[in-house]
Amino acid sequence: MTVRTRFAPSPTGYLHIGGARTALFSWLYARKHGGSFVLRIEDTDLERSTAESVNVILEGMSWLGLNYDEGPFFQTHRFDRYAEVVEQLLAEGKAYKCYCSKDELEVMRAEQMARKEKPRYDGRCRQRDLPSGEEAPYVIRFRNPEEGEVVVDDLVRGRVVFANKELDDLIIARSDGSPTYNFTVVVDDFDMGITHVIRGDDHLNNTPRQMNILRALGAEPPRYAHVPMILGEDGQKLSKRHGAASVTDYRDQGFLPEALLNYLVRLGWSHGDQEIFSREEMFQLFDIADINNSASALNMSKAFWLNQHYIKTLPPARVAEELSYHLGKLDVDPTTGPDLVEVVIAYQERAKSLAEMAQGSLFFYREFEQYDEKAAKKNLTAAIATPLRALRDQLATVEWSDGAIHQAVEAVAAAHELNLGKLAQPLRVAVTGAGVSPPIDVTVRLIGRERTLARIDRALAYIG
RNA sequence: GCUCCCAUCGUCUAGAGGCCUAGGACGUCGCCCUCUCACGGCGAAAACCGGGGUUCGAAUCCCCGUGGGAGCGCCA
């Protein structure tokens with residue numbers, strides 16, 4: 001049997017980080033087994049679904065490199081099919097029309113709660129089939145078995161048993177005729193031949209109902225794998241409040257997709273003590289059996305550590321591709337300064353995010369407004385004016401290479417009986433405006449001769 | 001309230017009855033390297049939720065408790 005997995009987000013917002021991980025697991029599982037990964041957009045909630053959300057999800061998936069083999073399928077395009085299945089269930093007596101009003105249901109639930117019972121539909125319309133020609137509005141409910149139990153043999157949870165009497169007759173079609181989630185999922189998973197449903201923990205309780213519907217349709221349910229949820233850094237449920245909740249946020253914070261994927265795959269899944277996983281290794285090593293049972297909290301510092309790892313180890317040209325996005329956000333025209341690959345090489349060991357890298361390399365592309373106050377006060381002193389002037393003269397004629405620049409700084413420092421640092425740091429402040437940058441020779445070289453000389457002049461003027 | 005799920009360092013996790021004096025990673029704290037910031041190297045502190053069983057032996061199995069979470073919608 002060929003493995004077929006799916007990712008089925010609802011387009012009501014952004015691509016959630018938890019959703020992204022579920023997608024990753026599903027994608028990995030399909031890829032590992034040479035199967036297919038299907039993308040399905042669950043947009044049956046006409047009220048909340050938007051086209052923008054669909055785009056955000058699609059963009060996020062493509063940024064992460066989670067390529068799907070089929071889809072995106074839209075549930076709103078399949079309403080005829082759902083209606084057909086509803087009719088079938090109705091005809092077979094496996095579903096029935098329910099004329100209860102929302103008010104009536106509310107009262108019923110309130111009474112049940114008062115009796116400390118689980119609020120559930122009591123099936124009062126099971127026997128209330130009105131003769132045809134009725135005009136009262138109705139919904140369609142699935143006739144859930146009243147006896148017995150449903151066993152979910154979950155790939156990560158193990159055997160979970162639900163008593164049918166705990167389940168009620170859920171609505172499969174609204175009064176306007178539109179199908180509901182628990183129903184469309186079932187029809188789609190069935191029609192699309194999904195063999196493994198990998199999804200969030202929060203769906204575990206829905207699973208027995210879905211299995212019952214599936215069986216009513218004469219289908220054998222797929223295998224299920226319910227993965228634990230992802231919590232915010234504070235251990236609380238993830239929300240916009242605490243930190244990045246959407247894939248877009250991570251991108252904007254300067255993450256490389258390689259890093260985010262690696263971070264995500266290790267959240268709730270492990271392969272011994274290994275921390276770093278290339279895509280190929282993920283395909284090879286991923287196994288549902290190694291997924292954890294408990295929820296995991298986000299740890300941004302670890303995510304940044306991984307990000308830094310990839311910034312350091314990926315080909316600089318690859319990092320440069322992503323860097324240009326961040327430079328663009330800062331209104332930098334990359335043609336006004338050094339090659340991005342050079343910038344990446346200079347910064348790959350000193351940036352834990354691309355946003356930071358872009359921010360830190362601004363002085364390569366445009367003049368800085370003013371000196372960092374502390375750095376200028378400490379380094380741009382009257383005493384340094386003479387050596388700095390001498391250095392300027394050297395840099396005006398020296399060969400423009402790291403080695404030659406370094407030698408010039410060293411020579412001038414020695415001539416004035418200064419440690420290298422005593423001259424390098426003032427130079428750094430002069431050419432970058434601040435006390436932090438890549439090695440001084442590299443920094444100067446990338447800034448370029450013309451800009452360097454002008455900035456030293458500016459510093460000399462500042463010293464006065 | 002009812003049903004279901006979960007529980008190892010601050011965090012991510014290893015651990016499938018003896019290999020555990022509980023391992024790794026991030027972070028934290030020292031020290032080294034050093035032109036700044038980093039990178040890197042070395043080292044340290046830091047956990048089996050509690051109670052009962054089962055067993056010669058339990059982080060690992062069972063039960064109870066406690067604590068967290070999810071579901072109980074004409075949302076997905």
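Quick caveat: nothing in here was measured; it's all calculated off a predicted structure. Naming convention: chains lettered A, B, ... in sequence-line order (proteins, then strands); numbering from 1 in each chain. Hydrogens, waters and symmetry mates are skipped; everything else that's a heavy atom, side chains included, is used.
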Within the 4.0 Å heavy-atom criterion, would you say [X] contacts the bases, only the backbone, or no part of the nucleic acid?
X         : answer
Ser49(A)  : nothing
Phe162(A) : sugar-phosphate
Glu42(A)  : sugar-phosphate
Asp168(A) : nothing

Identify every side-chain donor-acceptor pair in residues 412-430 of chain A under 3.5 Å, counting partners at least two apart or on other chains, and give the distances.
| from | atom 1 | to | atom 2 | distance (Å) |
| --- | --- | --- | --- | --- |
| His416(A) | ND1 | Val412(A) | O | 2.9 |
| Gln425(A) | OE1 | Arg428(A) | NH1 | 2.7 |
| Gln425(A) | NE2 | Gly435(A) | O | 2.9 |
| Arg428(A) | NE | Ser437(A) | OG | 2.8 |
| Arg428(A) | NH2 | Pro438(A) | O | 3.1 |

Show every donor-acceptor pair shorter than 3.5 Å between a side-chain atom in residues 145-162 of chain A and any protein atom, with sequence neighbours excluded, or say none if there are none.
| from | atom 1 | to | atom 2 | distance (Å) |
| --- | --- | --- | --- | --- |
| Glu146(A) | OE1 | Arg126(A) | NH1 | 3.2 |
| Asp154(A) | OD1 | His226(A) | N | 3.2 |
| Asp154(A) | OD1 | His226(A) | ND1 | 2.6 |
| Asp154(A) | OD2 | Val156(A) | N | 2.9 |
| Asp154(A) | OD2 | Arg157(A) | N | 2.8 |
| Asp154(A) | OD2 | His226(A) | N | 3.2 |
| Arg157(A) | NE | His226(A) | O | 3.4 |
| Arg157(A) | NH1 | Asn293(A) | O | 3.1 |
| Arg157(A) | NH2 | Asp201(A) | OD2 | 3.3 |
| Arg157(A) | NH2 | Asn293(A) | O | 3.1 |

**OP:** Give a yes/no on whether any side-chain N or O of Arg109(A) is located under 4.0 angstrom from OP1 or OP2 of rC72(B).
**Re:**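 Answer is no, no contact under 4.0 Å.
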**OP:** Compare side-chain N and O positions of Ser301(A) against OP1 and OP2 of rU11(B) and report whether any pair is under 4.0 Å apart.
**Re:**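 Negative; the distance criterion is not met.
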From C-beta outward on [X], which listed nucleotide comes closest to its side chain: [options]?
X         : options                   : result
Lys118(A) : rC74(B), rG71(B), rC12(B) : rG71(B)
Tyr181(A) : rA7(B), rC74(B), rA76(B)  : rA76(B)
Val160(A) : rC4(B), rA76(B), rG1(B)   : rC4(B)

**OP:** Over 60° means perpendicular and under 30° means parallel, so classify the ring planes of His271(A) and Trp269(A), tilted if in between.
**Re:**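 Rings of Trp269(A) and His271(A): parallel, as their planes differ by under 30°.
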**OP:** Just say parallel, tilted or perpendicular for the rings of His77(A) and Phe74(A), cut-offs at 30° and 60°.
**Re:**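 Tilted: the ring planes of His77(A) and Phe74(A) meet at 30° to 60°.
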With a 4.0 Å cut-off on N to O distance, would you call [X] and [Y] a salt bridge?
X         : Y         : value
Glu258(A) : Arg279(A) : no
Glu166(A) : Arg120(A) : no
Arg78(A)  : Asp191(A) : yes

**OP:** Give a yes or no on whether the ring-centroid distance for Tyr181(A) and His203(A) is below 6.0 angstrom.
**Re:**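 Yes: the rings meet the under 6.0 Å criterion.
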**OP:** Specify the residues of residues 201-210 of chain A, ordered by number, for which at least one heavy atom lies under 4.0 angstrom from an atom of RNA chain B.
**Re:**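 Of all residues in residues 201-210 of chain A, the ones placing a heavy atom under 4.0 Å from RNA chain B are Asp202(A), His203(A), Leu204(A), Asn205(A), Asn206(A).
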Subject >> Whole-Å distance separating the OH atom of Tyr121(A) from the C1' atom of rC72(B) >> reply: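 Roughly 16 Å, once rounded to whole Å.
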Original post:
Less than 3.5 Å between a donor and an acceptor, one on the side chain of Lys302(A) and one on the base of rC12(B), is that the case here?
Top reply: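 A donor-acceptor contact between them is present.
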Original post:
Can you find an N or O donor on one side and an acceptor on the other, under 3.5 Å apart, linking the side chain of Thr180(A) with the base of rC74(B)?
Top reply: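 Between rC74(B) and Thr180(A), which were checked side chain against base, a qualifying N/O pair under 3.5 Å is absent.
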Let's test this: given Watson-Crick or G-U wobble pairing with both distances under 3.5 Å, identify the partner of [N].
N       : result
rG27(B) : none
rC61(B) : rG53(B)
rC9(B)  : none
rC74(B) : none
rC19(B) : none
rC37(B) : none

Subject >> Nearest-0.5 Å distance, OH of residue Tyr263(A) to CH2 of residue Trp305(A) >> reply: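 It is 12.0 Å, given to the nearest 0.5 Å.
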Subject >> Gap between atom CG of Leu446(A) and atom CZ of Phe363(A) - 0.5 Å precision >> reply: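 Those atoms lie 8.5 Å apart.
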If I pick the [atom1] atom on [M] and the same atom on [N], what distance separates them, to the nearest angstrom?
N       : M       : atom1 : answer
rG23(B) : rA14(B) : C1'   : 6 Å
rA70(B) : rU54(B) : P     : 37 Å
rG73(B) : rU13(B) : C1'   : 37 Å
rG17(B) : rU60(B) : C1'   : 6 Å
rA47(B) : rC20(B) : C1'   : 13 Å
rG18(B) : rA58(B) : C1'   : 9 Å

**OP:** Report the residue (Arg48(A) or Asn299(A)) whose heavy-atom-nearest nucleotide on RNA chain B is the more 5′ of the two.
**Re:**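 In this pair, the answer is Asn299(A).
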**OP:** Among Asp168(A), Asp169(A), Asn144(A), Asn182(A), find the residue that satisfies the side chain to side chain donor-acceptor pair (under 3.5 Å) test when tested with Arg209(A).
**Re:**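 Among Asp168(A), Asp169(A), Asn144(A), Asn182(A), the one that satisfies the side chain to side chain donor-acceptor pair (under 3.5 Å) with Arg209(A) is Asp168(A).
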Original post:
Going by distance alone, is a donor N or O of one side chain under 3.5 Å from an acceptor N or O of the other, for Asn212(A) and Asn164(A)?
Top reply: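 Checked: Asn212(A)/Asn164(A) side chains pair up, N/O donor to acceptor below 3.5 Å.
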Original post:
Do we get Arg6(A) above Phe73(A)'s six-membered ring, with its NZ or CZ under 6.0 Å from the centre and within 45° of the axis?
Top reply: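 No.
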I'd like a list of close polar pairs between nucleotides 13-17 of chain B and the protein, N/O only, cut-off under 3.5 Å.
| from | atom 1 | to | atom 2 | distance (Å) |
| --- | --- | --- | --- | --- |
| rU13(B) | OP1 | Gly268(A) | N | 2.3 |
| rU13(B) | OP1 | Ser296(A) | OG | 3.4 |
| rU13(B) | O3' | Ser270(A) | OG | 3.0 |
| rA14(B) | OP1 | Ser270(A) | OG | 2.6 |

**OP:** Pull up the glycosidic torsion of rC12(B) and say syn or anti, syn being anything within 90° of 0.
**Re:**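 Chi for rC12(B) falls in the anti range.
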**OP:** Sugar-phosphate means primed atoms, P, OP1 and OP2; the rest is base. With that split, encode nucleotides 33-50 of chain B 5' to 3' as B, S or - using protein heavy atoms under 4.0 Å.
**Re:** --BBBBSS----------
**OP:** Only counting residues at least two apart or in another chain, list the ones meeting side-chain contact (heavy atoms from CB on, under 4.5 Å) with Arg109(A).
**Re:**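 Only Leu105(A), Gln112(A), Pro119(A) meet the side-chain contact (heavy atoms from CB on, under 4.5 Å) criterion with Arg109(A).
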